[in-house]
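In what follows, a single structure is set out as structure tokens and then discussed.
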Amino acid sequence: MCYGHDGHAALQQSLDRRGLLRGSLAALAGIGLATGLGATAAQAGGHHHGRRPVPKEMISLQLWTVRDALNGSPGYDATLAHLARIGYPRVELALGYFGRTARELRRFLDGIGIKASSSHDGIAADAAALDQKIANARTLGQRFMVVPYLNSDREDDWKRWAQQMNVEAAAARRAGLRYGYHNHAHEFTIDFGNGRRPWDVLTEELDPRLVHLEIDIYWAVTGGINSGDGVADPEGFTLDVIRSAPQRVLQYHVKDRDPATGDMADLGTGMIDFARIFRGHQVLEYIVENDTPDVTPQRTAEVGYRYLRRLRF
């Protein structure tokens, strides 16, 4: 549930399918995929000689992860300063600018040594809103701007949204920005009644010269399990999604999955073999996220950063 129009609904849609998930876990365990913490800790170990790390400068955090800390205690400024102390060089913005203009936020982030390299923004309501969205992204020094969430069981809605995103992406490109779309699970599970799903429409209609994909690994894995297409090999399903899309995958949301419940989990405590996925496809930005932090938002952010710094693939 990344920040977007109705992320809570997307999460509930996934969790409502726990019956199917639990039926799948025995098969996963039987082929050694649902091995939990022991396997992920081994994958993250530094003893894999010859394997590469995730470059520090490519690690980011989606601020939805720490939304409770931003909105409550210790507050926006202290939370961002904490992320800088952990070592994060960049963040993906969500939830607005917390009382600052884009220029004021840029000054604050520059002062603590963090770059706002990406943001989650819905499709603009009109041309003026699109111009403002692009102007803010340029002021903040962003490289990416990403549509975080769309949902409908009507194929025509997805076609219309794809057309709108192509228009926005062309304007973003003229401004020197990369424009992307971020998935959840339902793009792989909604059936329009003709065997086609939202992911089919998006990958057919989004202009690959203009629009890239920000693949949320947790949601892709979950979509594969919930649809039945990725039950036997969730990571393989995710790699197939990445490799088969005409659009380039330039960003990852790196979010783990509890092997028993299917819930989100702090990085390194779940079932997903991130090293395998990273070996199969490398990106420009690896964005830590957990919508439901296991302990505290700040601790989840630290665990995620340390995990990616240790991971070799």
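Throughout, numbering of the chain's residues begins at 1 and tracks the sequence. The figures here come from the full heavy-atom set of this structure, side chains too, leaving out hydrogens, waters and symmetry mates.
- Summarising the local packing, CZ of Arg103 is surrounded by 12 or fewer heavy atoms from other residues, nucleotides or ligands at distances under 6.0 Å.
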Worked check of side-chain hydrogen bond (donor to acceptor under 3.5 Å, both in side chains) between Ser119 and Gln142 | CA-CA 8 Å; Ser119 65; Gln142 291 176 207; 2.9 Å; yes
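- Salt-bridge check for Glu168 with Lys133: passed, with a basic side-chain N closer than 4.0 Å to an acidic carboxylate O.
- Crowding of Arg138 atom CZ: a count of heavy atoms from other residues, nucleotides or ligands under 6.0 Å not exceeding 12.
- Around atom CZ of Arg173, no more than 12 heavy atoms belonging to other residues, nucleotides or ligands sit under 6.0 Å away.
- In this structure, a donor-acceptor pair under 3.5 Å is present between the side chains of Tyr181 and Glu187.
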In sequence, state the C-alpha distance, the side-chain angles, and the governing distance for Arg276 and Asp273, and then conclude on salt bridge (Lys or Arg N to Asp or Glu O under 4.0 Å).
-> CA-CA 6 Å; Arg276 177 184 172 193; Asp273 185 349; 5.7 Å; no
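- At a threshold of 4.5 Å between side-chain heavy atoms, the hydrophobic network of Ile, Leu, Val, Met, Phe, Trp and Tyr places Leu105 and Leu83 in one connected group.
- In this structure, CG on Leu210 lies 10.5 Å from CD on Gln247, to the nearest 0.5 angstrom.
- Side-chain contact between Val147 and Ile123 is present, with heavy atoms from C-beta onward closer than 4.5 Å.
- For Phe237, the ring-ring contact (aromatic ring centres under 6.0 Å, His included) partners are Phe188, not counting sequence neighbours.
- Taking the ring centre of Trp64 as origin, the terminal cationic atom of Arg67 falls inside the region bounded by 6.0 Å and 45° from the ring axis.
- Qualifying ring-ring contact (aromatic ring centres under 6.0 Å, His included) partners for His212, counting only residues two or more places apart in sequence or in other chains: Phe144.
- By the 6.0 Å contact criterion, CZ on Arg209 is open, its count of non-hydrogen atoms from other residues, nucleotides or ligands being 12 or less.
- Looking at His253, its side chain never comes within 3.5 Å of a backbone N or O of Asp216 through a donor-acceptor pair.
- Ser117 and Glu285 form a side-chain donor-acceptor contact under 3.5 Å, judged by distance and modelled atom types alone.
- The backbone N or O of Asn166 sits nowhere less than 3.5 Å from a side-chain atom of Asp207 that would complete a donor-acceptor pair.
- Partner His184 forms a ring pair (Phe, Tyr, Trp, His ring centres under 6.0 Å) with one of Tyr218, Tyr149, Trp199 and no other, that one being Tyr149.
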